[in-house]
K.L.:
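My structure is below; once you've seen it, I'll send some questions.
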4 protein chains.
Amino acid sequence: MNTRDINCLVPNVMPDVQGSRDERELPIHRVGIRGVRYPVAWRGQDGGVQHSVAQFAFSVALPAEQKGTHMSRFHELLESGLGPLDAATLAQLHDRMLERLDANEGTIELSFPFFVSKSAPVSGVSALMDYEVSLRADGPRGAARVALKVLVPVTSLCPCSKSIADYGAHNQRSHVTVTIEGEPMVDAAELVALIEAQASSELYGLLKRVDEKYVTERAYDNPKFVEDLVRDVAASVARLPGVRHYVVEAENFESIHNHSAYARIES
Amino acid sequence: MNTRDINCLVPNVMPDVQGSRDERELPIHRVGIRGVRYPVAWRGQDGGVQHSVAQFAFSVALPAEQKGTHMSRFHELLESGLGPLDAATLAQLHDRMLERLDANEGTIELSFPFFVSKSAPVSGVSALMDYEVSLRADGPRGAARVALKVLVPVTSLCPCSKSIADYGAHNQRSHVTVTIEGEPMVDAAELVALIEAQASSELYGLLKRVDEKYVTERAYDNPKFVEDLVRDVAASVARLPGVRHYVVEAENFESIHNHSAYARIES
Amino acid sequence: MNTRDINCLVPNVMPDVQGSRDERELPIHRVGIRGVRYPVAWRGQDGGVQHSVAQFAFSVALPAEQKGTHMSRFHELLESGLGPLDAATLAQLHDRMLERLDANEGTIELSFPFFVSKSAPVSGVSALMDYEVSLRADGPRGAARVALKVLVPVTSLCPCSKSIADYGAHNQRSHVTVTIEGEPMVDAAELVALIEAQASSELYGLLKRVDEKYVTERAYDNPKFVEDLVRDVAASVARLPGVRHYVVEAENFESIHNHSAYARIES
Amino acid sequence: MNTRDINCLVPNVMPDVQGSRDERELPIHRVGIRGVRYPVAWRGQDGGVQHSVAQFAFSVALPAEQKGTHMSRFHELLESGLGPLDAATLAQLHDRMLERLDANEGTIELSFPFFVSKSAPVSGVSALMDYEVSLRADGPRGAARVALKVLVPVTSLCPCSKSIADYGAHNQRSHVTVTIEGEPMVDAAELVALIEAQASSELYGLLKRVDEKYVTERAYDNPKFVEDLVRDVAASVARLPGVRHYVVEAENFESIHNHSAYARIES
């Protein structure tokens, strides 16, 4: 007797293989789809909406006795109309997913490029800078915890190099990543600004010569080890109202080595 | 007064900026280096040694009062002579790292391509197949937990597609990933074989026509949802002697969609 | 005498290092910026505009006697207002770049996720499918050649496997990539549809059970080697009016191997 | 009549679908396999052999009248014994491929991590540095042109930043890539050293404090635009005896922007 015989006994319709009973008695922690690219509109706390393209992953818990989930329903969720996303509407989407999939708990994750218009520090010319924003809604129906994560590229300048050298100091691009959970949720653009304020210097899309002089000197005046970066950012994040949990990471793509320096603080 | 004045009071030597006292009172969970490529010799349980190239990450915990770690000591660890690596020698390396960095706990991670010579199922022609093996030693001095992870590419064939179609069934390459912790540690090659036995079909580097007929029919005879893959692999892994903890994941790069199906079981 | 002394003799302004004379007598084929993420609006031939996020690269030729280009002007080009992009406005952007950089020739490249709303073949439910579209404008001022490239994921089903097996046939996701140059330029959505028509089956974001039956059987009825894919797509592309040059590539992520089959035809 | 009827008329054996006649009259420029990971032993000009793991791609031209190539023969080539590879043995492998595939022309490409033991500039401590080496043998039987490519990570320090700032200068990791064709072929390790000599500073796996002082000051003493990097490296490469063709590229992962500066010179 093949799979077809076992699973296809639903009369008058196509066989519902996934709906049949499973005998292995192993619940599945998460099952769903990932690697789904889809347009999103992201709403900031000022109400403005930004168009981007996100990578989505959707998954739910599957009880031991259920053979499979209904994969097509995850994509139907996207097609049913996302509307502008923010922390609140993502929590609603999470609820709709669990209801539609008839599941007790699950996870939605998405990440997308996010743009902030910044003014150069001296000339004031404005240009877009790109960041990577990720959101994650996880947990049971009606009680999803939403986490916000931003990846912020910055300049780090090495205090040791500055200290021991007669002139100059090695510096490089670094990625600072902050994940926060809490209530109310901080705005992504605010979180970016908070992180940039702690770097040796922030980055810009466009710099005129007077700006380049400024950021060069600012970084030299403001040396930070990868340890300083995570500590200074963590201290700032910890002061945000309503933050329940945070993770701060920094990775320096060292200009004197072919590897990175890395540090992480978790609350 | 610049950083140099503050930090460089070690007489007669170069300033030891990292060794100075930190005032922010934030311990750092992990700090170290990552993205380090280095040749490795991996020793299987049969004693045979395989040359490969690994990506390494080393990190340690840093107490609140210490300003920085000594980054160069991580790379010195590699240069001091790795010798053939296995679970036991990795634990020794972890001890040496904590001693050299004067740290209470830390993590070593590495991953590398790993090859198994396999015989085609009918013709018997042999060829190398490549897998990705990762190791992680984590925890306090003298008590590191070592985890082994293998990523095994397999064929999955969809039971629903087989069941509802008059002929054919969609199938695709899938990645099954198993992470185990325990004692004694299973051999990477054995873990690969255990996983492959649960797939719709295993993959091969080289197949003659008679073998292609065999694997095509084997996959069709053996349909598995992504949920079946993780359950069947988890059931096998759970029966391994000495396994304390496992995570089983599967990702099907669906041949009918541009996204993946994904499932995960954790013990 | 340091670089500063040599290069900074422009009175009353910041030194213009890049504008100074180079003595090595080596022209530079292309110099510019790459890895720039920026929002784009892409205009199809139906006039509809789609928001996406592109990766840009801009570069120009630099004569032997010129020390450097003015990097900030490339980003200024983006900030000066892109407007909805299509082949014609990209050629205009190319002209503006050469004028602003005072260069004789140069290249603009961009690629971005592109979405098409498709109806499932039997149920008719509609869903977005994602593709990767790239554009390249290259050459001298006023005479840029514009090339359009689309990467289309499809299903390929192996004729040999079907032929030799008593039942089933291995199949997998494949990437078909077509690059065309010509006048008038075909629409990206039309080019996608033309490619999909030549695959064993096309992919969909969302399939109901009746659709999954259809695509399974369609792929089985329509087996194609990687060689067939590139030949059938090339034959279709060659019949497009106004195509001057094309490249057709296909890569099958084989479901029975851990490597790809690949083929390429160039006109 | 399905594919099976048409293609499977070879008596007493499995059907030879690929060997049958094609009617579309389109030759295929290249067809083969790619994404094949395999262990390699690379032989330097000093005779020393280095173990690594390569990514291979093999392809051949297919005449218009031939339906398909024999994919399994490419992997057989690997299994038949690679031996230590260098430019000469790669050309022999290319010949064997064309003979075994019965093809007039074809291409073999491979790339792998390559290690050089370097001494730190002041302390003299030695450590491995990793580079990416690629080889390509392309063309007709008995007359393959072999190209060698190395990717060398270096430090670049911006002359403009140094010139306009009162102190400090932005610097970053850069990738310099050189591809050369010629006879006799230069050694990969020599080519790496030649490139490093032209950078603001070279990178090291391991640096003590005295070395960090040295490389910091060396980079500051030796500022280079991305244009300078490609010109200075091109001038060095052009002086190598026997070089027929070269391409020099540099990409600076700018520490003050979130994008790269890029330049290319082709002979």
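Please read these numbers as outputs of a predicted model, since none were measured by experiment. Scope of the values below: all heavy atoms of this structure, side chains included, with no hydrogens, waters or symmetry mates. Lettering follows sequence order; numbering is per chain, from 1.
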K.L.:
What is the distance from atom OG of D:S52 to atom NE2 of B:H51, rounded to the nearest 0.5 Å?
P.N.:
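Reported to 0.5 Å precision, the distance equals 11.5 Å.
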K.L.:
Starting at OG of B:S126, measure out to CD of D:E79 and round the result to the nearest 0.5 Å.
P.N.:
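Interatomic distance, B:S126 OG to D:E79 CD, rounded to 0.5 Å: 6.0 Å.
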K.L.:
Given that the side chain runs from C-beta out, which part of D:F114 has a heavy atom under 4.5 Å from chain B: side chain, backbone, both or neither?
P.N.:
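It is neither, since no heavy atom gets under 4.5 Å.
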K.L.:
Considering residues, nucleotides and ligands other than D:F253, do more than 12 of their heavy atoms fall under 6.0 Å from its CZ?
P.N.:
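Enclosed: over 12 neighbouring heavy atoms sit under 6.0 Å from CZ of D:F253.
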K.L.:
Can you confirm whether more than 12 heavy atoms, excluding those of D:K118, are under 6.0 Å from its NZ atom?
P.N.:
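Atom NZ in D:K118 is packed in, count exceeds 12.
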K.L.:
Please report the interatomic distance CG(B:L206) to NE2(D:H75), rounded to the nearest 0.5 Å.
P.N.:
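Nearest 0.5 Å value for the CG-NE2 distance: 6.5 Å.
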K.L.:
Less than 4.5 Å to any heavy atom of chain B: does that hold for the side chain of D:L207, its backbone, both, or neither?
P.N.:
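Only the backbone of D:L207 comes within 4.5 Å of chain B.
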K.L.:
Taking every non-hydrogen pair under 4.5 Å, which of D:V36, D:D130, D:L78, D:I33 racks up the most with chain B?
P.N.:
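Maximum pair count with chain B is reached by D:D130.
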K.L.:
Is it the backbone or the side chain of D:E76 that comes under 4.5 Å from a heavy atom of chain B, or both, or neither?
P.N.:
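For D:E76, heavy atoms of backbone and side chain both lie under 4.5 Å from chain B.
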K.L.:
Of all heavy-atom pairs between B:Y131 and D:R37, which one has the smallest distance, and what is that distance?
P.N.:
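The answer is O-NH2, 3.7 Å.
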K.L.:
Can you tell which part of D:S117 gets under 4.5 Å to a heavy atom of chain B, answering side chain, backbone, both or neither?
P.N.:
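No part of D:S117 comes within 4.5 Å of chain B.
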K.L.:
Measure distances from D:Y38 to the heavy atoms of chain B and classify the residue's part below 4.5 Å as side chain, backbone, both or neither.
P.N.:
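For D:Y38, the contact with chain B is made by backbone and side chain together.
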K.L.:
Is there side-chain contact between D:V53 and B:F112, with at least one heavy-atom pair below 4.5 Å?
P.N.:
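Not in contact.
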